[in-house]
2 protein chains.
Amino acid sequence: MASIKEVARAAGVSTATVSRVLANSPHVRPALRERVLKAIKELEYRPNLIARSLRAQQTTTIGLIVSDIRNPFFTAISRAVEDSAYEEGYSLIVCNTDEDPKKESIYLNVMRDANVAGVILSPTGPTAAGLRELETGFAVVVIDRSIPDADVDMVLLDNVDSAYRLTRHLLENGYRRIAAICGERSTTGRERCTGYEQALRAYGLLPSAELVRFVPPQIEAGYAAALRLLELPEPPEALLTTNSLLAAGALEAIHERGLRIPDDVALVTFDETTWASLVQPPITLIEQPTYEIGKTATELLLQRVAEPERATRRVILKGRLLVRGSSAPRVHCG
Amino acid sequence: MASIKEVARAAGVSTATVSRVLANSPHVRPALRERVLKAIKELEYRPNLIARSLRAQQTTTIGLIVSDIRNPFFTAISRAVEDSAYEEGYSLIVCNTDEDPKKESIYLNVMRDANVAGVILSPTGPTAAGLRELETGFAVVVIDRSIPDADVDMVLLDNVDSAYRLTRHLLENGYRRIAAICGERSTTGRERCTGYEQALRAYGLLPSAELVRFVPPQIEAGYAAALRLLELPEPPEALLTTNSLLAAGALEAIHERGLRIPDDVALVTFDETTWASLVQPPITLIEQPTYEIGKTATELLLQRVAEPERATRRVILKGRLLVRGSSAPRVHCG
DNA sequence: TTGAAAGCGCTAACAG
DNA sequence: CTGTTAGCGCTTTCAA
């Protein structure tokens, strides 16, 4: 717990010189530098980051606010962000909003109080208030969900196109009556729904309101929505869900109804998970480049920290379609 | 970004008085208190936590160092810790060691540099060095894995007994040749192995070295170990794995070999996950009280922060056996 | 090239 | 009950 003062005394120099050595300032005589370095080593000195932060009015901590850490997508993101952040000497504070705007706003304040350098955020629903907050504080990068009209750095998936390709794959395999269970209150769910509808139209099909459900992006909601769809007088031949939690719920419903995949109903979704390839049949899905998303977001954030006035950018990454058994070509039996 | 000085000026008092109001000190005249409160509100003043930390030589941040955030067990733990920490006004820094002692020691230093109040840690392998570190810094609570002989607060599962019950359940259902795939380099894997062996002995069976594998607690290792076990001249009738990652790998191997569960081979494990009840048949397992573990660990930590000299305690929680299809009573066919 | 000194925002001892 | 003051550990003018 030696302080810079003790190092200075041990090396017979002023604290300013120690500070200069620490900062790798070129204006220090080599001899002095050596002495200081030696003292640092002998005293096992480590700079007090708190003091440094107070002085600099800025920490080397960044925040990550996700909407649901139980969602493997966000777990993967946090891995990536953590990796990249620590590589750059930053620590990571992680928070979880449970899709609750109130919690989001609380955590945004926590971040402000913690004097973080910046925040990576998957905004929950109406982040208008939050956004205003953002503008008066730290650097921000938005991930996963876009905030329309906001002048903020973003890293997003090409949601419309991914959903289009996923739906087209079903269509190509002979499925026609395709239902979609979409996460509500986020641009992501809406965009994926758009891609789904575009694909249907491209195949001359009319999207049916009955087959599109917007629900909270969680297992229970996916389960309930799927159950209701499967109980329709004319049930869908395929189910598309917009995240892995919804897919898990849908799968549960399919099991409960005693249906077989894909013979009775196909299932496709977004996001690779441990289980998607473990269930029988394995699930066809759009894999997001999670690591790259997290890494890119961190890079954008630290760039903005370094240069607050640079133009904002919006990075769109492509999803990858992984075709597996849950959407095998349809065997017509009607 | 108003500071305490500006509040003091606005209220026509000294910064000390503002500080006292902030600390809820009783020695402030109500009239003054009112004025200060008003100024605080008007200026939207929020205390600078950095300055406070520098002064107090201690932050209101705690660290969580887990060995693998991809392990849903640790994801659940981090949820719980985060919840409890924020309830008490603490922030959470999360790190991930990937079971790498080097990363662990780096992150322990990060924690020290960040002046955290304390750290919750699932120690990786030989944390002797780490432990010494610990003793000279912040409060520590160890979770999931015990450090023998260490005088540290711990929150653990009753591993031996849980594994005993899990194994006994298999034995009661008619399985005899039971293999175990255990996480290596942690007391957890070893203790669970002990419970497994005790159960075998209680049933008059001799544990066979051939059927016990210690491997890195990850999917790939679980896959490889299971594959080798299933290729044995006399393959096991049941597989027990000591965490969900190993189970996922084992399941993959079972699928690849085209075996049916439980007819060809049963599978039981530790840790509830999304997928364990989603695969067919669902997996029998010991569920850990993850939320309680995280909550208890946080409580112990904050208690120790408040009272560093209190006697250390070791909290042992019970696992819950969830019986599902993957270990259904054995149909003898020999 | 180096050092003295001020000050980041806060709290707590001490005086009054 | 309230204000003055010193100082937490660091960086950065400003002078020398």
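Lettering follows sequence order; numbering is per chain, from 1.
- Between I40(A) atom CD1 and dG9(D) atom P there is a gap of 16 Å when expressed in whole angstrom units.
- Within the 4.0 Å cut-off from OP1 or OP2 of dC8(D), not a single side-chain nitrogen or oxygen of Q58(B) is found.
- Comment: E299(A) does not engage R313(A) in a salt bridge, judged by the lack of any side-chain N to carboxylate O separation of less than 4.0 angstrom.
- Not one N or O on the side chain of D98(B) forms a donor-acceptor pair closer than 3.5 Å with the backbone of D100(B).
- Heavy-atom distances to DNA chain D give each of G12(B) and Q57(B) a nearest nucleotide, and the one nearer the 5′ end belongs to G12(B).
- R314(B) and S146(B) share no side-chain donor-acceptor pair at under 3.5 Å.
- Where the helix from dT1(C)-dA16(D) to dG16(C)-dC1(D) starts and where it ends, the local axes point in directions that differ by 50°; five pairs per end, rounded to 10°.
- With no hydrogens or angles considered, no side-chain donor-acceptor pair links T75(A) and T75(B) at under 3.5 Å.
- Contacts between residues 26-36 of chain B and DNA chain C, counted as heavy-atom distances below 4.0 Å, involve no residue at all.
- A donor-acceptor contact closer than 3.5 angstrom links the side chains of T312(B) and D151(B).
- Note that the CZ atom of F74(B) and the CG atom of N96(B) stand 9.5 Å from one another [nearest 0.5 Å].
- The ring pair (Phe, Tyr, Trp, His ring centres under 6.0 Å) test applied to Y86(B) returns Y107(A), not counting sequence neighbours.
- Ionic pairing of E82(A) and R70(B) is not present here: no N-O contact between side-chain nitrogen and carboxylate oxygen is shorter than 4.0 angstrom.
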Do nucleotides 10-16 of chain D as a string where each nucleotide becomes B, S or -: B if the base has a protein heavy atom under 4.0 Å, S if just the sugar-phosphate does, - if no protein is that close. BBBB---

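- The shortest heavy-atom contact between L54(A) and I50(B) is N-CG2, 3.5 Å.
- Listed by chain and number, the residues in a side chain to side chain contact (heavy atoms under 4.5 Å, CB included) with A80(B) are Y291(B) (sequence neighbours excluded).
- Summarising the geometry, atom CD belonging to E292(A) is positioned 9.5 Å from atom OG1 belonging to T290(A); distances are rounded to the nearest 0.5 Å.
- Summarising the geometry, atom OG1 belonging to T298(B) is positioned 11.5 Å from atom OH belonging to Y90(B); distances are rounded to the nearest 0.5 Å.
- Taken to the nearest 0.5 Å, the CG atom of L92(A) stands 5.0 Å off from the CD1 atom of I62(A).
- Extent of DNA chain C lying under 4.0 Å from chain B heavy atoms, first and last nucleotide in 5' to 3' order, is dC8(C) to dA13(C).
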